[in-house]
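Any value given below was found using the heavy atoms of this structure, including those in side chains, with hydrogens, waters and symmetry copies removed. In this text the structure is predicted, and so the values were computed from the model without any measurement.
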Amino acid sequence: MSERNVRVRFAPSPTGYPHIGNIRTALFNWLFARHSGGSFIVRIEDTDVSRKVKGAIEAILDGLRWLGIDWDEGPDIGGDYGPYFQSQRLDIYQKIARLLVADGYAYYCYCSPGRLAKMRAEMAERKESTRSYDRHCRNLSQEERDKFEAQGITPVVRFKTPLDGETSFNDLIKGEVTFDNSTLDDFVLLKSDGYPTYHLANIVDDHLMEISHVLRADEWLSSTPRHILLYSALAYEPPLFTHLPMILGSDGSKLSKRHGAVSITEYRDQGYLPQAMINFLTLLGWSLDDRTELFTTEELVRHFSLERISKTGAIFSQDKLMWMNGHYIRNMSPGELREHLLPFLEKHLPEEVKRPVSREYVQQIIPLIQERLTTFKEAADQFAFFFIDQPDYEPDLLLGKKLTREAAIAALVDALTQLRKLTFEASSLELALRPLASELGMKTGDFFGLLRVATTGSTAAPPLFQTMAVLGKDKCLKRIEAALDKLRR
RNA sequence: GGCGCAUUCGUCUAGCGGCCUAGGACACCGCCCUCUCAAGGCGGAGAUCAGGGGUUCGAAUCCCCUAUGCGCUACCA
């Protein structure tokens, strides 16, 4: 097996949005494939008809594409091992299920969902250690079977799990894991609607598609002995298993919607960079050493190794993601940043702002906002004052803590007369305004603070003179006049 | 309940018997820079390595027990 080429797969189920945890699994598979020069395959596990969600496949694939994760075989591009939709491989699973029954490794079960539910309820009530199928149909006589068939019941196919012995396997990160067969139940292989369960389809396809390594989430560890048993019943050679630590929510349980955004597309829409997501997600469960944590994708591919995947689940830290995203934004060229930012501004700036948003103008504000950004969507709100007509704020904001109304008015009036005479460049603005502060008997900080609120509507903004220069004389004078109005009212 | 996996600063992690009086990063606090906010620089606080037994000259690192957490326990994946 180890001599074989690396062939790994990402096998999402189209039952919802592209969950961050699933995407991370895809990412690890992809990194491993690219690192070892193997193949990365996408296979759609659409065997649950009732839970199928329209548009889910495209959303998942889009998420991967956005991150730059590409595949060598898959639903859209095909490949030598297709089809890559399990719903198109039903005949294969059915044939193998029949084979398993014929060989005595599986059997037909006619139990109704109702009987099963009742049985489990009773078991729970009696506090029995086992809460799974009671093997009612495991040893049905031909006669009994005929009776059920005559009633028109479509059976499911169940695996005939060995009653004793144990099953163990060597997980590449967990090591040797052993289960008593007696703790395993006779799980369903083929449902009554003719679709296979995960267990059957997974094993059959991994074998047929010559998958060499299975890297999947930790939650699968418990079903691995069933899979091993199936491989052996089918006389297939099992792949190498690696169970990945899970991504957890802030309370330490499996990351889910109640923890906040869990779909990769939400992060895209909030204005996170693919590079930041890749870097961050990889570090949730993998590390190179004791200090490196900023990686390009190429570096990740170069260094990635199964041995350095950690064993424990990791809590998803929004804080660190935001820091990392800010880091990548700061490292962009102004032109790149502008192109990334523009669509977000178009979409999220207040309606009153004329569209299309001016590229040249955005180019001008980039140097002022670049180091202040953490996400693009946030920029549309935080720096809207650059675009709108008049910022909206409470008059008291102009006064701050120590300024009296009279002093503020006097300062703004003087500033206005000075400003009217000036050309709006950062240097000339500073040259005129700095002395004015002392003439007014104000500290520069207080005076500039006042002007900052008047011109931007906020106490926190990029450097004042540059901001005013970009805003332009006309806008600044109008805003200061408006500020005076607020104070006099 | 049963089975399985896990357990190092609040969080992500380094550590695979002596280099550890446990290193880095995010977050937090302070200082510097400074017109505010950031960014950046410097510094600080923060983990008796879940607890208890062993093994060893020596254990965060190996073994056992306990506790806790998480996962699985569907005709879902």
Quick one: which protein N/O atoms are closer than 3.5 Å to N/O atoms of nucleotides 2-5 of chain B? Pair and distance per line, please.
from	atom 1	to	atom 2	distance (Å)
B/rC5	O2'	A/Lys174	NZ	3.4

pair_partner(B/rC62), Watson-Crick or wobble, both distances < 3.5 Å, evaluates to B/rG54
First encountered from the 5' end of RNA chain B, between A/Lys127 and A/Leu373 | A/Lys127
Walking RNA chain B from its 5' end, the first of A/Ser223 and A/Ala461 to be reached, judged by nearest nucleotide, is A/Ala461
Checking all strands, does A/Met322 fall into the base, sugar-phosphate, or nothing category for heavy-atom contacts under 4.0 angstrom?
-> nothing
With rounding to whole Å, what would you report as the distance between B/rU55 and B/rU61 at their C1' atoms?
-> 13 Å
Can you check whether A/His259 reaches A/Ser253 side chain to side chain, under 4.5 Å on heavy atoms?
-> yes
Whole-Å P distance, B/rC9 and B/rG52 = 16 Å
Carboxylate-amine/guanidinium contact A/Asp134 A/Arg115, below 4.0 Å | yes
Who pairs with B/rU21 - Watson-Crick or G-U, where each distance is under 3.5 Å | none
Using the C1' atom as the reference point in each nucleotide, state the distance between B/rC29 and B/rG10 in Å, no decimals.
-> 14 Å
Separation of B/rC72 P from A/Phe187 CZ (nearest whole Å) = 17 Å
Residue pairs meeting salt bridge (charged side-chain N to carboxylate O under 4.0 Å, His left out), one or both in residues 238-251 of chain A, sequence neighbours left out, come to A/Asp251-A/Arg258
Donor-acceptor pair, side chain of A/Lys191 and main chain of A/Thr47, under 3.5 angstrom = yes
Any strand: nucleotide that pairs with B/rU36 via Watson-Crick or wobble, under 3.5 Å | none
Distance test, side-chain N/O of A/Arg330 to OP1/OP2 of B/rG40, below 4.0 Å = yes
Select base, sugar-phosphate, or nothing to describe what A/Lys443 touches, counting heavy atoms under 4.0 Å on all strands.
-> nothing
Using atom names, set out every protein N or O paired with an N or O of nucleotides 10-13 of chain B below 3.5 Å, distance rounded to 0.1 Å.
from	atom 1	to	atom 2	distance (Å)
B/rC12	OP1	A/Ile315	N	3.2
B/rC12	O2'	A/Leu283	O	3.2
B/rU13	OP1	A/Gly285	N	3.0
B/rU13	O3'	A/Ser287	OG	3.4

Assign the ring pair A/Phe376 / A/Phe344 to parallel, tilted or perpendicular, where the plane angle (0 to 90°) is split at 30° and 60°.
-> tilted
State the pairing partner of B/rC16; accept Watson-Crick or G-U wobble contacts with both distances under 3.5 Å, and report none otherwise.
-> none
A/Ile309 CD1 to B/rC16 C1', in whole Å, measures 16 Å
Mark yes or no: A/Lys486 above the aromatic ring of A/Tyr393, with NZ or CZ under 6.0 Å from the six-membered ring centre and no more than 45 degrees from the axis.
-> yes
Carboxylate-amine/guanidinium proximity below 4.0 Å for A/Arg51 and A/Asp48 | yes
A/Leu244 CG to B/rC70 C1', in whole Å, measures 16 Å
Pairing partner of B/rC26, by Watson-Crick or G-U wobble and under 3.5 Å for both distances, is B/rG10
Output yes when a side-chain donor or acceptor of A/Arg89 lies under 3.5 Å from a complementary backbone atom of A/Pro83, and no otherwise.
-> yes
When the ring planes of A/Tyr108 and A/Tyr110 are compared, do they come out parallel, tilted or perpendicular, using 30° and 60° as the limits?
-> tilted
Please tabulate, one pair per line, each protein N/O and nucleotide N/O from nucleotides 74-76 of chain B that are separated by under 3.5 Å, including the distance.
from	atom 1	to	atom 2	distance (Å)
B/rA74	OP2	A/Arg120	NE	3.4
B/rA74	OP2	A/Arg131	O	3.3
B/rC75	OP2	A/Arg120	NH2	3.4
B/rC75	OP2	A/Arg158	NH2	3.2
B/rC75	O2	A/Ser192	N	2.8
B/rC75	O2	A/Ser192	OG	2.7
B/rC75	N3	A/Ser192	OG	3.0
B/rC75	N4	A/Cys111	O	3.2
B/rC76	OP2	A/Lys191	NZ	3.0
B/rC76	O2'	A/Asp48	OD2	2.7
B/rC76	O2'	A/Arg51	NE	3.3
B/rC76	O2'	A/Arg51	NH2	2.8
B/rC76	O2	A/Arg51	NH2	3.3

Can you tell me the distance, in whole Å, between the CG atom of A/Leu433 and the P atom of B/rU34?
-> 19 Å
Are A/Tyr272 and A/Tyr328 an aromatic pair by the rule of ring centers under 6.0 Å?
-> no
A/Trp220 atom CH2 is separated from B/rG71 atom P, nearest whole Å, by 14 Å
Sorted by number, residues from residues 434-442 of chain A placing a heavy atom under 4.0 Å from RNA chain B are A/Arg434
Could you tell me how the ring of A/Tyr198 sits relative to the ring of A/Trp220: parallel (under 30°), tilted (30 to 60°) or perpendicular (over 60°)?
-> parallel
Between B/rC26 and B/rA14, how far is it from one C1' atom to the other, in whole Å?
-> 15 Å
Whole-Å gap separating P (B/rC26) and CZ (A/Arg291) = 13 Å
Calculate the interatomic distance between A/Phe465 atom CZ and B/rU34 atom P; express it in whole Å.
-> 14 Å
Distance, P atom - from B/rA22 to B/rG46, rounded to whole angstrom | 11 Å
Mate of B/rG71 across any strand shown (Watson-Crick or G-U wobble, both atom pairs under 3.5 Å) is B/rC3
Separation of B/rC35 atom C1' from A/Leu403 atom CG, nearest Å, is 14 Å
Quote, to the nearest angstrom, the C1' distance that separates B/rU36 from B/rU68.
-> 48 Å
Supply the atom-to-atom distance A/Ile329 CD1 to A/Glu336 CD, rounded to the nearest 0.5 angstrom.
-> 11.5 Å
Shortest non-hydrogen separation from A/Leu419 to A/Leu433 and the atoms involved | CD1-CD1, 3.7 Å
Atom pairs and distances, side-chain donor-acceptor, residues 161-168 of chain A, under 3.5 Å, sequence neighbours left out:
from	atom 1	to	atom 2	distance (Å)
A/Thr161	OG1	A/Asp185	O	2.7
A/Thr161	OG1	A/Asp186	OD1	3.4
A/Thr167	OG1	A/Asn181	ND2	2.7
A/Ser168	OG	A/Glu176	OE2	3.4

Expressed as a whole number of Å, how far does the C1' atom of B/rU8 sit from that of B/rA47?
-> 6 Å
Could you work out the separation of B/rU21 and B/rG54 based on their P atoms and round it to a whole Å?
-> 23 Å
So does A/Glu394 have more than 12 non-hydrogen atoms from other groups sitting under 6.0 Å from CD?
-> no
Assign the ring pair A/His303 / A/Phe295 to parallel, tilted or perpendicular, where the plane angle (0 to 90°) is split at 30° and 60°.
-> perpendicular
Give A/Pro225 one of three labels, base, sugar-phosphate or nothing, depending on what nucleic acid heavy atoms sit under 4.0 Å from its own.
-> nothing
How is A/Gly449 classified with respect to the nucleic acid when contacts are heavy atoms under 4.0 Å: base, sugar-phosphate, or nothing?
-> nothing
For A/Asp289, does the CG atom have more than 12 heavy-atom neighbours from other residues, nucleotides or ligands under 6.0 Å away?
-> yes
